[in-house]
Amino acid sequence: MGMGKRLLACMALLLLLPLHAYAVPAPADVELSDVANDEGNAVAISWDWDGSPTEADQFSVELRVNDQLLKHFELSQQEMQTLTDARNWLSGEVGTLLDQRSSAKAEMDQAQSDLDQSIIDKLPGSEVAGLRRTYWQKYRVFRRLDKQIAALQAKFAARTYKGEDLRLKALTWEFLNEAMRNGGEWISAAAMAPMASVGTKGARTDLFGVNAARRNDAGRLYFTVDSISVPNPGTAASDDSSTGLEQFASIPINLVPDIEYQLRMSTYGAAESNPMDPAAGGGPQLAEQISLGTVTPRGNAFDKSKTNNLVFALLFSMIILAFIILARRNPNMFIRRIAGLEAVDEAIGRATEMGKPVMYLTGLQSLSELSTLAAINILGRVAGKIADYESDLIVPNRDPVVQTVAQEVVKEGYATAGRPDAYREDNIFFLTDDQFSFTAATCGIMMRDKPAAIFLMGYYYAESLLLAETGAATGAIQIAGTDAEHQLPFFIVTCDYTLIGEELYAASAYLSREPMLLGSLKGQDIAKALMMAIILLQAILFIFNGEWKFFKDMVTPL
Amino acid sequence: MIFLKRQLPIIIAFVAGIMMWIRYYIPSEVSTNLEDGYLEWVRIIVGFAAILGILSLLQHHMLKIRMKRPGFAFSYVTIAAFALMMFAGFAPFNFPGFAEKNMETGSLFNWLYEFTFIPMQATMFSVLAFFIASAAFRAFRARSMEATLLLVAAIIMMVGRVPIGDLISNATPTFMMFGNEYHFIDFEEWTGWLLNVPNAAAKRGILLGVYLSQIAISIRIIFGIERTYMGGGD
Amino acid sequence: MDFVTLILNLDRKIIFGCVALLVVWPLLVPIQMPIGTTPEVRSIFSAIDALPNGSDVMIAADYDPSSKPELQPFTYSLLAHCFEKDHKVHILTLWPGGPALIQQAIEEVGAQYGKSSGTDYCFLGYKPGNAAVVGGLTNSITGTYPTDFYNRPTANMPIYQRVQRVKDCDYIVDIAAGATVEVWIAFASAPENVPMSAACTAVSAAGYYPYYQAGQLDGISGGMKGSAEYDVLLMDKYPNFKNGGARIAGNAVKGMDAQSAVHLFIVLSIILANICYFIANKRQREERRNA
């Protein structure tokens with residue numbers, strides 16, 4: 001044995017000694033499993049940890065890739081060619097620009113420090129102004145180059161991505177191949193993670209016993225792995241520095257469904273005196289590497305953790321649909337009186353008497369929100385009545401899509417009432433999509449036109465009181481209806497009638513008296529009664545410390 | 001024509017509604033892609049809506065000016081402000097006195113935004129404080145038992161949510177109960193109770209009702225029972 | 001006209017005048033009342049504080065200039081807190097009026113801590129379509145925001161090599177003037193199991209208590225008071241905020257005096273109005289009895 005080798009052996013021994021001193025206990029009783037209810041790109045590891053983990057104890061997980069996986073990443077000859085072409089193109093285009101940018105950056109920095117110095121030295125104003133001009137010039141040159149480079153890189157991405165992550169795939173494939181050739185076939189799947197935070201990230205609710213890992217057991221830790229983190233081969237080969245793409249430090253790629261992975265875990269410990277500072281010889285030290293076994297992630301066709309959601313959704317839909325069918329047979333259903341809706345005729349009649357318009361607001365949300373749809377539905381019914389009474393109807397809008405639909409709805413309402421001639425399209429207009437500009441404009445219209453009746457339906461934010469108080473000041477009859485429960489108090493104190501929450505949704509059915517719509521209201525009430533029973537039952541069980549596993553799973557929030 | 005106006009939208013609403021509902025329960029890649037595609041569509045449609053809005057705005061105000069309706073002079077202001085902001089945002093050169101163009105920091109657009117738009121918005125919002133004061137003064141009367149409860153709760157909340165509430169609480173004498181020390185007046189405790197107990201209970205009741213109604217209205221729309229929103233009566 | 005009728009028929013412009021005076025005066029002559037903290041805000045603070053250094057925090061600043069006084073101080077304090085702990089910040093807005101405010105905040109606080117865009121934080125900018133955007137973020141952040149606010153491609157950024165989806169973030173905070181908190185709970189926090197807190201305007205704070213009690217929100221900060229409480233907590237734990245960081249934290253604290261004064265005024269005026277209302281009622285009854 002030569003001198004050099006002996007020295008190396010000594011150093012290795014020296015290195016080993018502290019390792020054993022800080023070794024953390026190896027994980028025991030490891031269980032590998034597929035993560036249920038996912039897309040099939042995650043696997044779960046759970047294990048018993050002997051002793052209580054601290055933040056200084058760390059671990060990492062690595063995967064071994066196999067031929068099957070490599071095949072998954074393999075590129076066709078043509079794809080390879082596209083990639084090479086695109087990369088050559090990029091390095092040709094961008095090379096000089098990169099140089100220009102770095103020199104522009106240096107010039108800009110110089111100009112800035114000159115400017116700063118001139119201000120500190122209290123140079124005359126004209127000189128400072130000159131320096132400032134120079135700085136802005138340099139700044140603009142730099143910005144222009146920077147933008148050009150970013151645009152080229154975006155173009156490169158567009159050329160190579162072409163619908164799939166070709167560049168990423170190619171780089172990863174290169175790297176994996178390289179790893180196999182050099183025997184370093186273990187690929188990091190999770191960066192070093194401290195023990196103390198394990199099991200908090202990416203963990204899903206354990207419902208109906210679908211998660212095989214028993215992570216609720218005391219002392220058992222649970223971890224999910226869903227991607228491999230590979231260093232960027234482009235930068236490793238340093239041929240991407242000519243393209244400015246070296247920002248990719250590492251590339252995460254998702255695990256692939258239905259491919260078997262081999263896992264191993266490295267555990268680390270740290271010196272107690274100096275746990276986390278690598279500069280002082282501390283920091284994490286590799287303690288042990290344990291082979292965990294193999295596991296295959298599988299994609300799921302149904303997310304079982306959403307079973308309770310599905311059960312409730314089906315149940316409620318069925319109840320509501322059943323009552324809609326019942327209502328067709330027996331159209332005379334009792335619906336309690338809603339004062340705000342009884343007053344609609346009164347409000348419109350008053351407007352006609354006074355010869356003043358009616359104003360209708362559909363709320364501040366977009367058409368995709370259900371409260372806006374409810375408001376639009378009510379508008380349709382109200383428009384018909386207004387046409388009957390021959391009043392004017394003003395509808396300012398915050399959303400252009402809502403405005404278009406409102407126009408349609410009002411037009412139809414007038415037509416159904418037999419007064420298509422009375423419809424004026426420019427009374428239903430768009431103001432602005434900005435909240436308070438909209439409010440200011442609407443309040444302005446209220447003050448100028450003094451509508452006799454104002455309907456505030458739909459969803460409102462902080463402007464609710466501004467609108468309603470201005471309306472009250474003009475002396476209009478105001479009927480509000482909103483499911484924005486924190487704006488309800490404002491409407492209740494300033495408006496004559498307020499539809500609370502679900503009454504907004506019931507209004508369309510109530511006004512039309514159409515049996516099918518009324519039926520759905522009835523169904524909703526039954527569903528609500530059911531919900532109340534469930535809440536009561538759960539509360540009683542809780543008070544008496546009882547637990548009914550199935551029931552508890554049913555009502556666990558997702 | 002009737003097919004395009006009536007049946008087709010209902011079919012689209014039904015298919016899209018059912019599909020997005022089922023999608024929620026499927027974790028596979030296909031369903032993720034479907035959702036991605038759908039969300040992209042939504043974003044594109046929202047983008048186009050902006051053009052629709054601008055057209056409607058201009059049309060409305062042009063008409064107002066042409067017909068010389070009351071207050072039509074304000075329409076000139078609206079159109080001028082609109083044109084100025086748009087020009088400042090899109091002009092390909094720096095305005096004199098501004099170091100940047102378009103919407104960058106230091107541009108005219110940014111300056112207008114910061115020194116006209118922001119203060120005007122803040123003004124509108126702060127009007128709220130005045131309106132709340134006047135509304136509270138006019139409307140909060142102890143007319144009945146319920147109104148009195150509302151009044152007392154409002155007063156506790158208003159005092160309890162500002163530092164002066166703490167000052168008052170800490171100034172009152174304390175008493176011992178079950179080994180704990182309590183203040184005779186403790187606004188923090190009281191506001192906490194009001195928010196966490198009666199407030200949360202009422203909110204939950206309303207929310208449950210609202211969400212059930214939303215399920216019901218969704219079902220009515222998906223199955224084509226509610227069609228008012230399409231501009232067709234019944 | 002006697003005092004009682006005068007009060008009952010008081011012109012609202014007089015009330016407006018009093019409110020204006022009471023807002024301006026304490027701002028000019030600060031009293032600096034001590035500020036107590038509530039459990040709702042303390043739990044936001046301790047949640048952010050308990051994350052290991054260098055965690056990823058997603059901040060949605062869904063407000064616009066109209067609620068700047070209430071929410072912008074919170075954004076500043078939260079950013080300062082995150083950078084103090086070396087957290088990586090992903091900040092975005094669902095409100096069109098928001099970007100300029102966030103830009104101001106993130107650039108100022110980022111510069112104070114020497115943080116660089118793309119590495120330590122990313123300002124993703126504005127995208128329309130609330131739920132659509134949040135839903136998109138749960139699939140891919142860089143896919144939903146291919147470029148950041150400054151038009152740089154996000155896929156290249158070092159910050160997005162580790163984080164791809166909302167699921168990869170450790171915490172979500174929604175600073176909301178509107179109803180976006182529900183969207184974040186329903187589409188990001190609950191399905192992806194990422195803990196979340198909300199800071200909202202004082203008006204809407206009461207509305208989020210059911211979520212707070214159900215554990216879907218770790219904490220709630222309501223309006224300027226919440227921001228002031230956060231400032232106080234920050235200054236308690238990190239003493240350098242008291243000196244150097246005054247520009248960053250402490251803005252909300254200044255506003256609390258004015259808020260106290262106005263609240264007190266409203267309470268007193270309600271009480272006064274009610275006393276007058278009772279006196280007037282009694283008089284009416286007596287008149288009726290005499291007649």
Side-chain angles (χ1 to χ4, degrees), chain A residues 37-40 136 299-303 306 310 316-317 320-321 324 368 370 373-374 376-377 380 399-401 403-405 408-409 411-413 416 426 429-433 436 439-440 448 462 465-466 469 483 485 493-494 500-502 505-506 508 512 514 516-517 520 523-524 527-528 531, chain B residues 21 24-29 32 42 45-46 49-57 59-60 63-64 70-71 74 99-100 117 120-121 124-125 127-128 131-132 134-136 139-140 202-203 206-210 212-221 223 225-226 228-234:
Chain A
N37 310 327
D38 74 336
E39 295 169 25
W136 278 114
N300 296 91
F302 173 64
D303 186 343
K306 286 175 179 164
L310 182 67
F316 289 159
S317 315
I320 290 166
L321 285 175
I324 289 173
S368 56
L370 287 166
L373 275 178
I376 289 280
N377 284 336
D399 186 306
V401 182
Q403 176 234 349
T404 332
V405 174
E408 252 337 273
V409 165
K411 196 176 177 182
E412 188 74 27
T416 318
D426 62 299
F429 49 88
F430 168 78
L431 280 173
T432 159
D433 121 317
F436 282 95
T439 312
R448 284 191 298 273
L465 182 67
L466 294 177
E469 176 76 3
D483 59 342
E485 75 290 345
V493 295
T494 47
I500 297 172
E502 58 199 294
Y505 294 96
S508 167
S512 71
E514 202 188 307
M516 298 228 292
L517 296 183
S520 79
Q524 204 178 307
K528 201 173 178 182
M531 195 90 110
Chain B
W21 181 48
Y24 178 76
Y25 299 103
I26 303 172
S28 83
E29 214 175 325
T32 317
V42 171
I45 292 171
V46 169
I51 301 172
L52 214 63
I54 292 171
L55 287 179
S56 164
L57 177 88
Q59 196 188 9
H60 177 72
L63 197 75
K64 215 165 161 187
F74 294 115
E100 280 293 331
F117 186 66
M120 284 197 287
Q121 281 229 312
M124 268 319 281
F125 193 63
V127 168
L128 206 56
F131 277 20
I132 285 177
S134 104
F140 272 147
K203 292 269 143 101
I206 295 174
L207 279 181
L208 276 179
V210 166
L212 270 175
S213 308
Q214 295 199 336
I215 294 175
I217 204 171
S218 306
I219 290 172
R220 298 206 298 250
I221 288 170
F223 287 99
I225 296 165
E226 177 86 77
T228 327
Y229 72 98
M230 292 194 301
D234 309 304

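Chain A is the first sequence line, chain B the second, and so forth, proteins listed ahead of strands; every chain is numbered from 1. Quick caveat: nothing in here was measured; it's all calculated off a predicted structure.
Between atom CZ of residue A:R448 and atom CZ of residue B:F74 there is a gap of 6.0 Å, rounded to the nearest 0.5 Å. Rounding to the nearest 0.5 angstrom, the gap separating the CG atom in A:L310 from the OH atom in B:Y25 is 4.5 Å. Taking CD1 of A:I320 as the reference point, atom CD1 of B:I217 lies at 11.0 Å (rounded to 0.5 Å). Rounding to the nearest 0.5 Å places CD1 of B:I219 at 10.0 Å from CZ of A:F316.
Heavy atoms of B:L208 lying under 4.5 Å from chain A belong exclusively to its side chain. Both the backbone and the side chain of B:I225 come within contact range of chain A, with heavy atoms under 4.5 Å apart. When heavy atoms are compared at a cutoff of 4.5 Å, B:L63 approaches chain A solely by way of its side chain, counted from C-beta outward. Using a 4.5 Å cut-off between heavy atoms, B:I221 contacts chain A through its side chain alone, with no backbone atom that close. When heavy atoms are compared at a cutoff of 4.5 Å, B:I206 approaches chain A solely by way of its side chain, counted from C-beta outward. Within the 4.5 angstrom heavy-atom criterion, only side-chain atoms of B:L207, from C-beta onward, approach chain A.
B:K64 is linked by a salt bridge (Lys or Arg N to Asp or Glu O under 4.0 Å) to nothing, counting only residues two or more places apart in sequence or in another chain. A:F436 meets the ring pair (Phe, Tyr, Trp, His ring centres under 6.0 Å) test with B:F125; sequence neighbours excluded.
Scanning both residues, B:Q214 and A:D483, for their nearest heavy atoms gives NE2-OD2, 3.5 Å. Among all heavy-atom pairs drawn from A:E502 and B:G209, the shortest one is OE2-CA, 3.4 Å.
Each of A:S520, A:G501, A:A527, A:A374 has some count of heavy-atom pairs under 4.5 Å with chain B, and the biggest count is that of A:S520. Between chain B and the options A:G380, A:S317, A:G299, the largest number of non-hydrogen pairs under 4.5 Å is found for A:S317. Each of A:K528, A:Q524, A:M531 has some count of heavy-atom pairs under 4.5 Å with chain B, and the biggest count is that of A:Q524.
The shortest side-chain heavy-atom distance between B:R220 and A:L517 falls under the 4.5 Å cut-off.
B:S56 places a side-chain N or O within donor-acceptor distance of the main-chain N or O of A:F430, the cut-off being under 3.5 Å.
Aromatic ring orientation, A:F429 versus B:H60: parallel (interplanar angle below 30°, classes split at 30° and 60°).
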